[in-house]
Amino acid sequence: MMPGEPSTSRVVRDVLVPRSLLSWPEAFGGTEVQDCLRGDLVIEEDMSLRLKVSASGVYPRGLVMPKLCEPHVHLDKCHTISRIGATGGSLQDAIAAQSEDKGNWSAEDIRTRAGRGLRELAASGCGAVRSHVDWPHEESAKSPPTAWSVLRELAQEVAPEVALQLSPLLGVNDYAVPGVADAMGKLLGGTDHALGCFVYDQPDRKEGIMAAFRTADRYGLALDFHVDEGLEKGLDGLALIAEAAIETGFKGPILCGHACSLMNLTGDALARRIERVAKAGITVVALPSTNFYLQGRNGGTPDRLGITRVHELLAGGVDVIIGTDNVQDAFCPLNRHDPRLSLSLAALGVHLDPLYGLHLPMITTRAEAALGRTPRRIDDTPPDDLLIYQATSTADFLCSTASPEPLFAAIESRNP
Ligand SMILES: [Zn+2]
(Lines give C-alpha, C1' and ligand atoms only; values in the text may rest on other atoms or scores of the structure.)
Protein backbone atom coordinates (compact mmCIF):
# COMPACT_ATOMS: atom_id res chain seq x y z
CA MET A 1 0.00 0.00 0.00
CA MET A 2 1.36 3.45 -0.94
CA PRO A 3 1.56 6.27 1.63
CA GLY A 4 -1.69 8.23 1.64
CA GLU A 5 -3.66 5.35 0.11
CA PRO A 6 -6.80 4.54 2.12
CA SER A 7 -6.51 1.58 4.44
CA THR A 8 -8.20 -1.59 3.25
CA SER A 9 -8.62 -3.01 6.73
CA ARG A 10 -12.22 -3.59 7.77
CA VAL A 11 -13.87 -2.82 11.08
CA VAL A 12 -16.77 -4.12 13.15
CA ARG A 13 -17.61 -1.39 15.63
CA ASP A 14 -17.77 -1.91 19.38
CA VAL A 15 -17.78 -5.65 20.08
CA LEU A 16 -16.95 -7.95 22.95
CA VAL A 17 -14.43 -10.79 22.56
CA PRO A 18 -14.24 -13.47 25.30
CA ARG A 19 -10.68 -13.65 26.66
CA SER A 20 -10.99 -17.42 27.19
CA LEU A 21 -11.33 -17.96 23.43
CA LEU A 22 -8.15 -16.07 22.45
CA SER A 23 -4.74 -17.67 22.12
CA TRP A 24 -3.04 -14.37 23.01
CA PRO A 25 -5.47 -12.12 24.96
CA GLU A 26 -2.62 -9.86 26.14
CA ALA A 27 -1.73 -8.96 22.55
CA PHE A 28 -5.29 -8.52 21.22
CA GLY A 29 -5.93 -4.94 22.35
CA GLY A 30 -9.20 -3.42 23.56
CA THR A 31 -10.43 -2.65 27.05
CA GLU A 32 -11.00 -5.36 29.64
CA VAL A 33 -14.68 -5.67 30.60
CA GLN A 34 -15.35 -8.55 33.00
CA ASP A 35 -14.31 -11.73 31.09
CA CYS A 36 -14.17 -10.01 27.68
CA LEU A 37 -12.14 -7.44 25.74
CA ARG A 38 -14.13 -4.58 24.19
CA GLY A 39 -13.35 -2.30 21.26
CA ASP A 40 -13.59 -1.93 17.48
CA LEU A 41 -12.56 -5.19 15.81
CA VAL A 42 -10.08 -4.48 13.02
CA ILE A 43 -9.66 -7.12 10.31
CA GLU A 44 -6.35 -6.43 8.61
CA GLU A 45 -5.57 -7.09 4.97
CA ASP A 46 -3.75 -10.29 5.94
CA MET A 47 -6.93 -11.35 7.84
CA SER A 48 -5.30 -10.96 11.26
CA LEU A 49 -7.50 -9.45 13.97
CA ARG A 50 -7.00 -6.86 16.70
CA LEU A 51 -9.17 -4.67 18.88
CA LYS A 52 -8.81 -0.90 18.80
CA VAL A 53 -10.01 1.00 21.85
CA SER A 54 -12.98 3.12 20.82
CA ALA A 55 -15.37 5.68 22.25
CA SER A 56 -18.09 3.19 23.15
CA GLY A 57 -21.84 3.47 23.50
CA VAL A 58 -23.68 2.15 26.54
CA TYR A 59 -24.02 -1.37 25.13
CA PRO A 60 -21.68 -3.18 22.75
CA ARG A 61 -22.85 -4.18 19.27
CA GLY A 62 -22.43 -7.89 19.98
CA LEU A 63 -20.19 -10.75 21.09
CA VAL A 64 -17.70 -12.31 18.67
CA MET A 65 -17.42 -16.11 18.84
CA PRO A 66 -15.89 -19.00 16.94
CA LYS A 67 -18.43 -21.56 15.75
CA LEU A 68 -19.82 -23.69 18.59
CA CYS A 69 -19.19 -27.41 18.96
CA GLU A 70 -21.90 -29.90 19.92
CA PRO A 71 -20.19 -33.09 21.12
CA HIS A 72 -23.17 -35.34 21.89
CA VAL A 73 -26.59 -35.55 20.24
CA HIS A 74 -28.85 -38.29 18.85
CA LEU A 75 -30.09 -37.08 15.47
CA ASP A 76 -31.67 -40.46 14.69
CA LYS A 77 -33.94 -40.26 17.76
CA CYS A 78 -34.70 -36.52 17.93
CA HIS A 79 -38.18 -35.05 17.39
CA THR A 80 -40.05 -38.30 17.98
CA ILE A 81 -41.94 -37.17 21.11
CA SER A 82 -44.96 -36.09 19.02
CA ARG A 83 -45.80 -39.76 18.44
CA ILE A 84 -44.28 -41.28 21.62
CA GLY A 85 -46.08 -39.26 24.28
CA ALA A 86 -45.67 -40.46 27.88
CA THR A 87 -43.06 -43.13 28.69
CA GLY A 88 -42.92 -43.53 32.47
CA GLY A 89 -39.76 -41.47 32.87
CA SER A 90 -36.95 -43.88 33.75
CA LEU A 91 -33.98 -44.80 31.54
CA GLN A 92 -35.44 -48.30 31.02
CA ASP A 93 -38.84 -46.80 30.11
CA ALA A 94 -37.16 -44.52 27.59
CA ILE A 95 -35.20 -47.39 26.00
CA ALA A 96 -38.41 -49.43 25.67
CA ALA A 97 -40.47 -46.55 24.22
CA GLN A 98 -37.76 -45.51 21.75
CA SER A 99 -37.31 -49.13 20.68
CA GLU A 100 -41.04 -49.40 19.91
CA ASP A 101 -40.87 -46.15 17.93
CA LYS A 102 -38.19 -47.64 15.65
CA GLY A 103 -41.00 -49.24 13.64
CA ASN A 104 -41.49 -45.74 12.20
CA TRP A 105 -37.84 -45.19 11.24
CA SER A 106 -38.01 -45.23 7.45
CA ALA A 107 -35.22 -43.43 5.60
CA GLU A 108 -37.61 -40.55 4.90
CA ASP A 109 -38.67 -40.28 8.55
CA ILE A 110 -35.07 -40.22 9.80
CA ARG A 111 -34.03 -37.72 7.12
CA THR A 112 -36.89 -35.37 8.04
CA ARG A 113 -36.21 -35.40 11.79
CA ALA A 114 -32.39 -35.48 11.66
CA GLY A 115 -32.38 -32.78 8.99
CA ARG A 116 -34.44 -30.57 11.29
CA GLY A 117 -32.04 -31.26 14.15
CA LEU A 118 -29.04 -30.35 12.02
CA ARG A 119 -30.68 -27.11 10.84
CA GLU A 120 -31.36 -26.21 14.49
CA LEU A 121 -27.74 -26.88 15.43
CA ALA A 122 -26.46 -24.80 12.51
CA ALA A 123 -28.86 -21.97 13.43
CA SER A 124 -27.47 -21.90 16.96
CA GLY A 125 -23.97 -21.41 15.50
CA CYS A 126 -22.56 -24.95 15.55
CA GLY A 127 -19.73 -25.75 13.15
CA ALA A 128 -18.97 -29.23 14.48
CA VAL A 129 -21.38 -31.88 15.77
CA ARG A 130 -21.10 -35.51 16.88
CA SER A 131 -24.25 -37.60 16.68
CA HIS A 132 -24.68 -41.12 17.98
CA VAL A 133 -26.51 -43.66 15.84
CA ASP A 134 -28.50 -46.51 17.41
CA TRP A 135 -27.11 -49.81 16.19
CA PRO A 136 -28.37 -53.41 15.90
CA HIS A 137 -26.98 -55.95 18.37
CA GLU A 138 -24.92 -59.15 18.37
CA GLU A 139 -24.49 -60.71 14.87
CA SER A 140 -26.68 -57.97 13.34
CA ALA A 141 -24.18 -55.37 14.56
CA LYS A 142 -22.00 -56.27 11.56
CA SER A 143 -24.45 -54.47 9.24
CA PRO A 144 -25.20 -50.72 9.57
CA PRO A 145 -28.81 -49.61 10.13
CA THR A 146 -30.77 -47.34 7.76
CA ALA A 147 -29.97 -44.30 9.96
CA TRP A 148 -26.26 -44.76 9.24
CA SER A 149 -26.60 -44.18 5.49
CA VAL A 150 -29.13 -41.35 5.99
CA LEU A 151 -26.87 -39.51 8.44
CA ARG A 152 -23.82 -40.01 6.23
CA GLU A 153 -25.72 -38.43 3.35
CA LEU A 154 -26.74 -35.53 5.59
CA ALA A 155 -23.11 -35.13 6.72
CA GLN A 156 -22.06 -34.66 3.08
CA GLU A 157 -24.87 -32.17 2.47
CA VAL A 158 -24.02 -29.90 5.43
CA ALA A 159 -20.22 -29.95 4.94
CA PRO A 160 -18.14 -27.84 5.15
CA GLU A 161 -20.34 -25.40 7.13
CA VAL A 162 -21.05 -28.12 9.70
CA ALA A 163 -18.66 -31.04 10.24
CA LEU A 164 -20.90 -33.93 11.32
CA GLN A 165 -19.15 -36.85 12.99
CA LEU A 166 -21.06 -40.05 13.73
CA SER A 167 -20.61 -42.71 16.39
CA PRO A 168 -22.35 -46.10 16.30
CA LEU A 169 -24.18 -46.79 19.58
CA LEU A 170 -24.26 -50.48 20.37
CA GLY A 171 -23.93 -52.35 23.65
CA VAL A 172 -20.37 -52.84 24.89
CA ASN A 173 -21.18 -56.57 25.04
CA ASP A 174 -21.67 -56.53 21.25
CA TYR A 175 -17.93 -55.82 20.84
CA ALA A 176 -17.26 -59.11 22.65
CA VAL A 177 -19.15 -60.99 19.86
CA PRO A 178 -16.52 -62.42 17.47
CA GLY A 179 -16.14 -60.35 14.31
CA VAL A 180 -18.20 -57.32 15.43
CA ALA A 181 -15.29 -55.13 16.55
CA ASP A 182 -13.38 -55.83 13.35
CA ALA A 183 -16.42 -55.16 11.16
CA MET A 184 -16.84 -51.83 12.94
CA GLY A 185 -13.15 -50.98 12.51
CA LYS A 186 -13.39 -51.67 8.76
CA LEU A 187 -16.56 -49.55 8.50
CA LEU A 188 -15.10 -46.55 10.36
CA GLY A 189 -11.38 -46.81 9.43
CA GLY A 190 -10.11 -43.81 7.48
CA THR A 191 -13.00 -41.56 8.59
CA ASP A 192 -13.29 -39.14 11.51
CA HIS A 193 -16.28 -41.04 12.93
CA ALA A 194 -15.81 -42.48 16.43
CA LEU A 195 -16.06 -46.03 17.73
CA GLY A 196 -18.87 -45.88 20.29
CA CYS A 197 -20.85 -48.03 22.69
CA PHE A 198 -23.09 -48.07 25.75
CA VAL A 199 -21.49 -49.37 28.98
CA TYR A 200 -23.73 -50.14 31.93
CA ASP A 201 -23.73 -53.40 33.88
CA GLN A 202 -23.34 -55.94 31.06
CA PRO A 203 -21.56 -59.11 32.33
CA ASP A 204 -18.90 -59.07 29.61
CA ARG A 205 -18.31 -55.30 29.66
CA LYS A 206 -14.59 -55.64 30.44
CA GLU A 207 -13.94 -57.82 27.38
CA GLY A 208 -16.06 -55.48 25.26
CA ILE A 209 -14.15 -52.40 26.44
CA MET A 210 -10.79 -54.05 25.69
CA ALA A 211 -12.03 -55.08 22.22
CA ALA A 212 -13.15 -51.48 21.57
CA PHE A 213 -9.71 -50.13 22.58
CA ARG A 214 -7.83 -52.68 20.45
CA THR A 215 -10.02 -51.91 17.44
CA ALA A 216 -9.78 -48.14 17.83
CA ASP A 217 -6.00 -48.45 18.10
CA ARG A 218 -5.73 -50.69 15.02
CA TYR A 219 -7.94 -48.48 12.82
CA GLY A 220 -6.84 -45.08 14.18
CA LEU A 221 -10.26 -44.15 15.64
CA ALA A 222 -11.49 -41.97 18.49
CA LEU A 223 -13.54 -43.65 21.23
CA ASP A 224 -16.89 -42.48 22.58
CA PHE A 225 -18.66 -44.19 25.48
CA HIS A 226 -22.09 -43.75 27.07
CA VAL A 227 -21.09 -44.92 30.54
CA ASP A 228 -22.57 -45.30 34.03
CA GLU A 229 -25.82 -43.52 33.12
CA GLY A 230 -27.40 -44.14 36.52
CA LEU A 231 -27.17 -43.33 40.21
CA GLU A 232 -27.05 -46.98 41.33
CA LYS A 233 -24.05 -48.00 43.41
CA GLY A 234 -21.45 -50.32 41.92
CA LEU A 235 -21.39 -49.10 38.31
CA ASP A 236 -17.75 -49.44 37.26
CA GLY A 237 -17.71 -48.58 33.55
CA LEU A 238 -15.74 -45.36 33.87
CA ALA A 239 -13.17 -47.12 36.08
CA LEU A 240 -12.81 -50.00 33.58
CA ILE A 241 -12.41 -47.58 30.66
CA ALA A 242 -9.73 -45.61 32.54
CA GLU A 243 -7.79 -48.79 33.37
CA ALA A 244 -8.06 -50.02 29.76
CA ALA A 245 -6.77 -46.66 28.47
CA ILE A 246 -3.80 -46.73 30.88
CA GLU A 247 -3.02 -50.40 30.20
CA THR A 248 -3.14 -50.07 26.41
CA GLY A 249 -1.47 -46.63 26.28
CA PHE A 250 -4.22 -45.56 23.85
CA LYS A 251 -3.44 -42.13 22.44
CA GLY A 252 -6.60 -41.19 20.52
CA PRO A 253 -9.34 -39.03 22.05
CA ILE A 254 -11.59 -40.81 24.59
CA LEU A 255 -14.92 -39.17 25.35
CA CYS A 256 -17.09 -40.52 28.18
CA GLY A 257 -20.69 -39.31 28.40
CA HIS A 258 -22.87 -39.31 31.56
CA ALA A 259 -20.71 -40.83 34.39
CA CYS A 260 -23.63 -39.99 36.75
CA SER A 261 -22.69 -42.67 39.25
CA LEU A 262 -19.59 -40.69 40.27
CA MET A 263 -22.13 -39.00 42.60
CA ASN A 264 -21.89 -42.14 44.79
CA LEU A 265 -18.20 -41.55 45.53
CA THR A 266 -16.79 -39.05 48.00
CA GLY A 267 -13.47 -38.33 49.70
CA ASP A 268 -10.49 -40.56 48.93
CA ALA A 269 -12.49 -42.99 46.77
CA LEU A 270 -13.62 -40.14 44.53
CA ALA A 271 -10.14 -38.62 44.40
CA ARG A 272 -8.60 -41.98 43.40
CA ARG A 273 -11.19 -42.54 40.65
CA ILE A 274 -10.68 -39.05 39.25
CA GLU A 275 -6.91 -39.43 39.38
CA ARG A 276 -7.16 -42.53 37.13
CA VAL A 277 -9.57 -40.79 34.73
CA ALA A 278 -7.15 -37.85 34.45
CA LYS A 279 -4.18 -40.18 33.91
CA ALA A 280 -6.12 -41.98 31.15
CA GLY A 281 -6.62 -38.68 29.30
CA ILE A 282 -10.40 -39.10 29.25
CA THR A 283 -12.69 -36.12 28.58
CA VAL A 284 -16.07 -36.32 30.34
CA VAL A 285 -19.12 -34.83 28.63
CA ALA A 286 -21.83 -33.82 31.10
CA LEU A 287 -25.34 -34.09 29.67
CA PRO A 288 -27.63 -32.04 31.91
CA SER A 289 -30.95 -32.18 30.04
CA THR A 290 -31.36 -35.95 29.77
CA ASN A 291 -29.73 -36.59 33.14
CA PHE A 292 -31.98 -34.13 34.96
CA TYR A 293 -35.03 -35.72 33.33
CA LEU A 294 -34.23 -39.44 33.76
CA GLN A 295 -32.08 -39.61 36.90
CA GLY A 296 -32.95 -39.36 40.59
CA ARG A 297 -36.54 -40.56 40.17
CA ASN A 298 -38.18 -41.42 43.50
CA GLY A 299 -41.88 -41.04 42.74
CA GLY A 300 -41.88 -37.41 43.88
CA THR A 301 -39.58 -34.42 43.73
CA PRO A 302 -35.99 -35.56 43.08
CA ASP A 303 -33.56 -35.02 45.93
CA ARG A 304 -30.45 -36.30 44.11
CA LEU A 305 -28.84 -34.53 41.20
CA GLY A 306 -28.39 -36.92 38.29
CA ILE A 307 -25.26 -35.53 36.66
CA THR A 308 -21.55 -36.17 36.89
CA ARG A 309 -19.23 -34.47 39.39
CA VAL A 310 -18.29 -31.51 37.21
CA HIS A 311 -16.39 -29.44 39.80
CA GLU A 312 -14.42 -32.34 41.24
CA LEU A 313 -13.42 -33.64 37.78
CA LEU A 314 -12.25 -30.17 36.73
CA ALA A 315 -10.30 -29.73 39.98
CA GLY A 316 -8.68 -33.13 39.39
CA GLY A 317 -7.41 -32.10 35.96
CA VAL A 318 -10.08 -33.84 33.83
CA ASP A 319 -11.48 -31.90 30.87
CA VAL A 320 -15.26 -31.60 31.21
CA ILE A 321 -17.41 -30.44 28.32
CA ILE A 322 -21.17 -30.04 27.90
CA GLY A 323 -23.49 -31.78 25.44
CA THR A 324 -27.15 -31.47 24.48
CA ASP A 325 -27.94 -35.21 24.22
CA ASN A 326 -31.62 -35.97 23.53
CA VAL A 327 -34.05 -33.47 22.04
CA GLN A 328 -37.79 -34.14 22.16
CA ASP A 329 -37.59 -37.93 22.22
CA ALA A 330 -38.27 -40.72 24.74
CA PHE A 331 -35.11 -39.87 26.73
CA CYS A 332 -35.85 -36.14 27.01
CA PRO A 333 -39.30 -34.92 25.97
CA LEU A 334 -38.24 -31.25 25.99
CA ASN A 335 -34.94 -29.54 25.05
CA ARG A 336 -33.55 -27.64 22.09
CA HIS A 337 -30.55 -28.26 19.81
CA ASP A 338 -28.46 -25.39 21.16
CA PRO A 339 -25.20 -25.63 23.14
CA ARG A 340 -26.03 -22.26 24.77
CA LEU A 341 -29.07 -23.83 26.43
CA SER A 342 -27.11 -26.94 27.46
CA LEU A 343 -24.37 -24.89 29.13
CA SER A 344 -27.05 -22.74 30.83
CA LEU A 345 -28.77 -25.86 32.22
CA ALA A 346 -25.45 -27.22 33.46
CA ALA A 347 -24.54 -23.87 34.99
CA LEU A 348 -27.79 -23.67 36.97
CA GLY A 349 -27.81 -27.35 37.94
CA VAL A 350 -24.22 -27.77 39.10
CA HIS A 351 -23.53 -24.15 40.14
CA LEU A 352 -21.15 -22.87 37.52
CA ASP A 353 -21.08 -19.23 38.53
CA PRO A 354 -20.35 -16.10 36.49
CA LEU A 355 -18.21 -14.99 34.84
CA TYR A 356 -19.27 -17.47 32.15
CA GLY A 357 -16.38 -16.76 29.78
CA LEU A 358 -14.42 -19.27 31.84
CA HIS A 359 -16.90 -22.00 30.81
CA LEU A 360 -17.31 -21.15 27.12
CA PRO A 361 -14.50 -23.59 26.09
CA MET A 362 -16.89 -26.37 27.23
CA ILE A 363 -19.00 -25.74 24.10
CA THR A 364 -16.20 -24.51 21.82
CA THR A 365 -12.45 -25.13 22.01
CA ARG A 366 -12.32 -27.97 24.56
CA ALA A 367 -15.31 -29.69 22.94
CA GLU A 368 -13.55 -29.58 19.55
CA ALA A 369 -10.38 -31.05 21.07
CA ALA A 370 -12.47 -33.84 22.60
CA LEU A 371 -13.74 -34.70 19.11
CA GLY A 372 -10.16 -34.86 17.80
CA ARG A 373 -10.54 -31.54 15.97
CA THR A 374 -8.27 -28.49 16.01
CA PRO A 375 -9.84 -25.99 18.43
CA ARG A 376 -10.91 -22.70 16.78
CA ARG A 377 -9.73 -19.72 18.83
CA ILE A 378 -10.83 -16.28 17.74
CA ASP A 379 -7.36 -14.89 16.98
CA ASP A 380 -6.22 -17.89 14.95
CA THR A 381 -9.47 -18.55 13.04
CA PRO A 382 -10.08 -17.07 9.56
CA PRO A 383 -12.50 -14.15 10.11
CA ASP A 384 -14.99 -15.59 7.61
CA ASP A 385 -15.43 -18.52 10.02
CA LEU A 386 -16.32 -16.24 12.99
CA LEU A 387 -19.79 -15.29 14.22
CA ILE A 388 -21.32 -12.34 16.01
CA TYR A 389 -24.14 -12.87 18.52
CA GLN A 390 -26.38 -10.07 19.78
CA ALA A 391 -25.27 -10.14 23.40
CA THR A 392 -23.95 -7.65 25.93
CA SER A 393 -22.10 -10.18 28.14
CA THR A 394 -21.22 -13.84 28.22
CA ALA A 395 -24.32 -14.45 30.42
CA ASP A 396 -26.48 -12.67 27.83
CA PHE A 397 -24.92 -14.85 25.11
CA LEU A 398 -25.93 -18.04 26.97
CA CYS A 399 -29.52 -16.79 27.40
CA SER A 400 -29.95 -15.70 23.78
CA THR A 401 -32.00 -17.80 21.37
CA ALA A 402 -31.35 -15.67 18.27
CA SER A 403 -29.13 -17.03 15.52
CA PRO A 404 -25.74 -15.37 15.09
CA GLU A 405 -24.66 -13.47 11.97
CA PRO A 406 -21.41 -14.16 10.13
CA LEU A 407 -18.86 -11.63 11.39
CA PHE A 408 -18.36 -10.36 7.82
CA ALA A 409 -22.04 -9.35 7.63
CA ALA A 410 -21.41 -6.91 10.50
CA ILE A 411 -18.58 -4.96 8.84
CA GLU A 412 -19.42 -1.27 9.03
CA SER A 413 -16.36 0.50 7.75
CA ARG A 414 -13.48 -0.12 5.40
CA ASN A 415 -11.48 2.87 6.70
CA PRO A 416 -10.95 2.78 10.45
ZN1 LIG B 1 -26.52 -39.90 24.57
Side-chain angles (χ1 to χ4, degrees), residues 69-81 84 87 89-99 101-102 110 113-114 117-118 120-121 126 128-135 145 147-148 151 164-172 174 193-200 202 212 222-231 235 237-238 241 253-262 282-295 306-308 320-339 341-343 345-346 349 362-363 367 370-371:
C69 177
E70 172 53 67
H72 186 129
V73 285
H74 293 263
L75 291 172
D76 54 346
K77 295 187 178 101
C78 72
H79 295 301
T80 49
I81 197 64
I84 288 178
T87 66
S90 72
L91 176 63
Q92 299 312 324
D93 291 333
I95 291 170
Q98 201 72 64
S99 179
D101 182 66
K102 281 182 184 162
I110 297 165
R113 294 183 293 97
L118 265 176
E120 291 163 344
L121 287 160
C126 284
V129 175
R130 179 178 288 171
S131 175
H132 298 272
V133 186
D134 269 31
W135 212 261
W148 179 253
L151 288 171
L164 174 60
Q165 293 182 355
L166 303 175
S167 182
L169 181 56
L170 50 163
V172 67
D174 293 316
H193 303 315
L195 194 83
C197 63
F198 177 81
V199 183
Y200 197 63
Q202 299 97 327
L223 283 164
D224 194 315
F225 297 95
H226 281 67
V227 58
D228 299 347
E229 187 179 356
L231 289 170
L235 293 176
L238 184 64
I241 292 165
I254 308 167
L255 187 56
C256 285
H258 297 296
C260 311
S261 63
L262 270 187
I282 290 169
T283 298
V284 173
V285 54
L287 302 161
S289 57
T290 302
N291 286 167
F292 291 161
Y293 182 66
L294 294 177
Q295 302 300 320
I307 194 165
T308 196
V320 179
I321 62 174
I322 306 293
T324 296
D325 211 359
N326 302 90
V327 173
Q328 297 178 44
D329 63 20
F331 295 78
C332 189
L334 302 174
N335 208 8
R336 206 172 62 232
H337 281 116
D338 188 341
L341 174 61
S342 304
L343 181 50
L345 286 171
M362 290 175 154
I363 56 168
L371 300 193

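Positions are given from 1, in the same order as the sequence printed here. Hydrogens, waters and symmetry mates play no part in the numbers below; they use all other heavy atoms, side chains included. All ligand and atom numbering here is 1-based and tracks the order in the structure.
- Checking H72 against the Zn ion (ligand 1), an N/O/S atom falls under the 2.8 Å cut-off.
- Below 30°, between 30° and 60°, or above 60°: for H258 and H226 the angle between ring planes is between 30° and 60°, a tilted geometry.
- In this structure, CG in L334 is found 12.0 Å from CG in N326, a value given to the nearest 0.5 Å.
- Not one N or O on the side chain of R130 forms a donor-acceptor pair closer than 3.5 Å with the backbone of Q165.
- At a cut-off of 2.8 Å, D325 is counted among the residues with an N, O or S atom near the Zn ion (ligand 1).
- Using a cut-off of 2.8 Å, one finds that H132 contributes no N/O/S atom close to the Zn ion (ligand 1).
- Using a 30° and 60° split on the angle between ring planes, H337 and H79 fall in the perpendicular class, above 60°.
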